[in-house]
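Inspection log for the structure reproduced underneath, given as structure tokens.
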Amino acid sequence: MSENVSETKTIELPSTMTVRDLAESIEASPIDVIKVLMTNGVMANINQLIDFDTAAIVAAEMGFEASLQMVEQLEASDAGEVPLWRRLIASEDEKDLQPRPPVVTILGHVDHGKTTLLDAIRESNVQAGEVGGITQHISAYQVKHNDRLITFLDTPGHAAFTAMRSRGAQGADVVILVVAADDGVMPQTKEALAHAKAAKVPMIVAMTKIDKSNANADHVKQQLADEGLIPDEWDGDTIVVPVSGTEKIGIEDLLEAILLVADNTEILANDDGTIIGTVIEAERDKSRGTVASLLVQNGTLNVGDVVLAGTSHGKLRAMFDFYGEKIESAGPSTPVQVMGLNSVPDAGELFRTVDSEKDARAIVAEREDDMKEAQKKQSSVMTLESMFDRYQAGEVRELRLIVKADVQGSLEPIVSSLQEISASDVEGQINVNVLHAGTGNIVESDMLLAASSQAIVMGFNVTADSAAHKLAEKEHISIRHYDIIYRLIEDVEKALKGMLEPEERETVIGHAQVRAIFKISRYGKIAGCRVTDGEIRRNARMRVIRNKEVIHDGEISSLKHEKDDVRDVREGFECGINLKEFDDIQEGDVLEAYVKELVAVA
């Protein structure tokens, strides 16, 4: 007895397509497809868009097993620490992968010679066109060394690098950390280092300005070692290259080091594979429309391709290389400038190609709906209270912290205690990763790092400035304040065990500037103020900030607008404020109003 078994064919389909496109994909008549749709209760014509689930049902009835196209599967999956384009390349057939030029970005402290170094590398005077010698625009270009190409992303700093990483792009394969030999490791150097470490990208240190008379290479190397970057000549694994952009010293050595690191890292792509990459920058040009700089990371991009980047899309009308010359195609690691997108995409946005502008519009419509839904839900804040539950649910792999303290003497014991917790050999223990630790108030750059890394910000005897608070609110970042070290450590330990009680969260609600002082015998000193942002409430607590230091923290005794007692005064209005148990108020002081509230476990 013979048995005929029909073999099920597999097919990849996009998230949306027309009935005609589905019919072509499964090699069937559009009429047959429409008949199957009708039997399933879907009335559609040949040009109507249908979603993947509907298409999969039709395909199944016609002997096909449908799966969502690889790019869309990866976009919908949990990114974790691996950027989408890296996961896409990993999904390519290994035999089709070829080495591609490494992509390099340069980070470091302002004025440590980043642009001068890049000038020396590409042997062109970019700096003459920059304002004050500080890089103003993102650009990209390629250089050749030993017959091999290297792609450089010239960014204005780690904020742009973070913007890319927070969107899952992580455009760089190698980071060059620039440190001036005459200045050493500075606060911005540490921030840049924290961003590179969080991105888990291999680093090379370029020690610039070695031609200066006050250069001290050994001191800088010791500072780097203190930050965990042990120079290779000290038996560490960090390549430190002494360079001088102005004297053209060490440039060849630096390029050699980049290729050496690239050879030890699998930097591969498929020239003929799925086209995907990253938006470096974009702007609206009056004469040319939307102009976007793109970095191709897999596949080959061609003029005429339909590109989709976030909610921007369009058919590429023209493409230029970094010299400004017209080109028709660009392979992996190639930076290009393109024309044809309908709107300006965000820097760091991932782009890919789709079959048609109709497909692009359909995907954009879906994305816009998803964005509206996400805005309604408001993504939850990563808090110590919710962290253990998220770990058990597989949503997080480690507790990432950014720690700021008033002085180095406080910072060191906090960080060492946190490292001891992380090092404890307890089964199931969640790892504690201090991404960045520094002295001074919590500022916007701290929040940028927290936003891109899903980290919690912890402050000891410091405040957060208004820009940091605004970003925390926008990006749903948790900021915790402490004035006793053991409570900070205790909270982290409890969070790791899932035992932390709901926290008392502090929210800054407004600031006022003291413009004048009035003495009233009954009350003492009254501060005549103007509310600069937010609002001042009668029942709020108040900090007095002088020369960026908090000199008093207490309650409001009275709040008046003109001659009336009021409950609150909003931004732009003037008021009179008297503080309880504090009479040293002065003109120029900044008053920061805040409230405390108990927040339940998320």
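Just so you know, residue 1 is the first one in the sequence shown, and it goes up from there.
With contacts defined as side-chain heavy-atom distances shorter than 4.5 Å, the pair Phe152/Ile258 qualifies. In this structure, the side chains of Glu571 and Thr532 stay at 4.5 Å or more apart for every pair of heavy atoms. Residues Val175 and Ile204 are not in side-chain contact: their nearest non-hydrogen atoms beyond the backbone lie 4.5 Å or more apart. Proximity of Val104 to Ile150: side-chain heavy atoms (C-beta onward) are separated by under 4.5 Å at one or more points. Counting heavy atoms from C-beta outward, Leu255 and Ile121 have side chains that approach closer than 4.5 Å. At a threshold of 4.5 Å between non-hydrogen side-chain atoms, the residues Met186 and Lys190 do not count as touching.
Judged by distance alone, with hydrogens and angles left aside, the side-chain atoms of Asp346 form no donor-acceptor pair with the main-chain N or O of Glu349 at under 3.5 Å. Under the 3.5 Å distance criterion, the side-chain polar atoms of Arg537 are left unmatched by any main-chain donor or acceptor of Ile509. In this structure a side-chain-to-backbone donor-acceptor pair under 3.5 Å is missing from Arg480 to Ile456. Counting only distance, with no hydrogens or angles, the side chain of Glu592 and the backbone of Gly510 share no donor-acceptor pair below 3.5 Å. Using modelled atom types, one side-chain atom of Gln513 and one backbone atom of Gly588 make a donor-acceptor pair closer than 3.5 Å. Using modelled atom types, one side-chain atom of Ser333 and one backbone atom of Pro101 make a donor-acceptor pair closer than 3.5 Å.
Considering Ile551, Ile577, Val544 as possible partners of Ile585, the one that fulfils the side chain to side chain contact (heavy atoms under 4.5 Å, CB included) test is Val544.
The structure places CG of Asp182 at 9.0 Å from CG of Asp211, a figure rounded to the nearest 0.5 Å. The distance from the OG1 atom of Thr151 to the CG atom of Leu295 is 6.5 Å, given to the nearest 0.5 Å. For the atom pair NZ (Lys209) and CG (Asp183), the distance works out to 7.0 Å, reported to the nearest 0.5 Å.
Taking both residues in full, the closest heavy atoms of Cys529 and Leu591 are given as SG-CD1, 3.7 Å, listed atom of the first, atom of the second, then distance. For the pair Ile442 and Ala468, the tightest heavy-atom approach, listed with the atom from each and the gap, is O-CB, 3.7 Å. The shortest heavy-atom contact between Ala405 and Val462 is C-CG1, 3.5 Å. In terms of heavy atoms, Val205 sits closest to Leu229 at CG2-CD1, 4.1 Å. In plain terms, the two heavy atoms of Ala464 and His469 that are nearest each other are O-CD2, 3.2 Å. Scanning both residues, Ile251 and Ser244, for their nearest heavy atoms gives CD1-O, 4.4 Å.
Under the salt bridge (Lys or Arg N to Asp or Glu O under 4.0 Å) criterion, the residue pairs touching residues 228-242 are Lys221-Glu233, with sequence neighbours excluded. The list of salt bridge (Lys or Arg N to Asp or Glu O under 4.0 Å) pairs with a residue in residues 444-461, not counting sequence neighbours, reads Lys404-Asp446. Screening residues 254-263 for salt bridge (Lys or Arg N to Asp or Glu O under 4.0 Å) gives Arg148-Asp263 as the qualifying pairs, with residues at least two apart or on separate chains.
In summary, the side chains of Tyr594 and Asp553 do present a donor paired with an acceptor at a separation below 3.5 Å, with no hydrogens or angles considered. Between the side chains of Gln222 and Asp218, no donor-acceptor pair is found at a separation under 3.5 Å. Side-chain polar atoms of Tyr482 and Asn461 form no donor-acceptor pair below 3.5 angstrom.
Between Asp173 and Arg100, at least one side-chain N (NZ, or NE/NH1/NH2) sits under 4.0 Å from a carboxylate O, which counts as a salt bridge.
Atom CG of Asn547 is surrounded by 12 or fewer heavy atoms from other residues, nucleotides or ligands within 6.0 Å. Heavy-atom contacts from other residues, nucleotides or ligands closer than 6.0 Å to CD of Gln408 number more than 12.
Checked against ring pair (Phe, Tyr, Trp, His ring centres under 6.0 Å), His481 has no partners two or more places apart in sequence or in another chain. Taking the ring pair (Phe, Tyr, Trp, His ring centres under 6.0 Å) definition, one finds that Phe582 meets it with His552, sequence neighbours left out. In this view, Ser410 and Asp406 satisfy the side chain to side chain donor-acceptor pair (under 3.5 Å) rule, not counting sequence neighbours.
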